[in-house]
Amino acid sequence: MQDLIPMSATEQVEIRRLGVSEVRAQLDGLAAVLVDCVAGGASVSYLAPFSHEQARGVFEAVAVEVEQGRRLLLAAFANGDLVGTVQVILALPPNQPHRGEIAKLLVHRSARKRGIAQLLMEQAESEARAAGKTLLVLDTVTGDEAERLYTRLGWTRVGVIPGYALYPDGRPCDTTVFWKAL
Ligand SMILES: CC(C)(COP(=O)(O)OP(=O)(O)OC[C@H]1O[C@@H](n2cnc3c(N)ncnc32)[C@H](O)[C@@H]1OP(=O)(O)O)[C@@H](O)C(=O)NCCC(=O)NCCS
């Protein structure tokens, strides 16, 4: 399934789910987005300094999960360049077959505030539904713009866990947990 959406007179944005061979073919583009987000101070699991090679390793591991059907990976392309990505974790304990988790919603700083994250989330929810999921959960840094995005998209805010994670520079950050029924 794919969307081709003109963001302006000159820009075409395409959101699509990548199969395992395409994840492997796009490792450099995916790694570049992750490195840029960490360099920009996003709390997305990794501490600075964070190299391109480390980021490639992260997506090599994701590719294995995509191959095993345990995870979906979507990517956003603007005029053919990979500028954003999001994952849906499908493999959860046997008593939660209806539940999925959203992870690593990332948009390169050069492509932000053009609605790309919203398109990625809408497509991720649609893919999750198609995979049989009826409930999604996610967590995100408290007070960030991602929180506004999830609220705008109809997600319910559960609450805040203080000091849950660290920013790349080691400072602690709070996390907000959200859920959405599909
Ligand atoms: C959070 C993140 C994914 C948002 O990506 P994005 O593509 O900029 O998101 P959107 O463009 O959909 O929305 C961002 C803002 O741009 C606005 N916007 C969307 N299209 C626009 C347009 N054409 N013109 C002007 N503004 C626009 C949205 O209304 C939104 O405004 P708000 O911040 O006031 O709520 C991005 O900042 C990011 O990658 N951050 C680092 C990683 C991270 O924190 N990920 C989430 C936690 S897992």
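Counting starts at 1 for both ligands and their atoms, in listed order. For this chain, numbers begin at 1 and follow the sequence in order.
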Where do L149 and A117 come nearest, in terms of heavy atoms and distance?
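Closest pair (atom of L149, atom of A117, distance): CD2-CB, 3.7 Å.
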
Which heavy atom of T140 sits nearest a heavy atom of A146, and at what distance?
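Here T140 and A146 meet closest at OG1-CB, 3.5 Å.
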
Please report whether ligand 1 has a polar contact with [X], defined as an N or O pair separated by less than 3.5 Å (distance criterion only).
X    : value
A117 : yes
D139 : no
Q118 : yes
A146 : no
R114 : yes
V107 : yes

For the residue pair S45 and K104, establish whether any side-chain heavy-atom pair is separated by less than 4.5 Å.
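Yes, side chains in contact.
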
Evaluate the side-chain proximity of F59 to Q26: yes if any heavy-atom separation is below 4.5 Å, no if none is.
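No, side chains not in contact.
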
4.0 Å heavy-atom contact, R152 with ligand 1
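In this structure, R152 qualifies as a contact of ligand 1 - some heavy atom is under 4.0 Å.
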
Mind checking whether V141 has a heavy atom under 4.0 Å from ligand 1?
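False for this residue.
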
Using a strict cut-off of 4.0 Å, indicate which atoms of ligand 1 neighbour a heavy atom of [X].
X    : answer
L106 : 39 (O)
C37  : 39 (O)
A42  : 41 (C), 42 (C)

With rounding to the nearest 0.5 angstrom, report the CD to CG distance, E101 to L90.
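Separation between the atoms: 10.5 Å.
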
As a quick check of understanding, evaluate side chain to side chain contact (heavy atoms under 4.5 Å, CB included) for Y150 and K180, giving each step before the final call.
CA-CA 9 Å; Y150 299 132; K180 184 172 184 177; over 6 Å; no

Answer yes or no: is there a donor N or O on one side and an acceptor on the other, between the side chain of D36 and the main chain of H108, under 3.5 Å?
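No, D36 side chain to H108 backbone: no donor-acceptor pair under 3.5 Å.
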
Just by modelled atom types, is the L182 backbone N or O under 3.5 Å from a matching donor or acceptor in the T134 side chain?
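No, the answer is negative, given that no donor and acceptor are paired below the 3.5 Å cut-off.
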
For atom 27 (C) of ligand 1, state which one of M121, K113, E122 supplies the nearest heavy atom.
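Considering heavy atoms of M121, K113, E122, the nearest to atom 27 (C) of ligand 1 sits in K113.
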
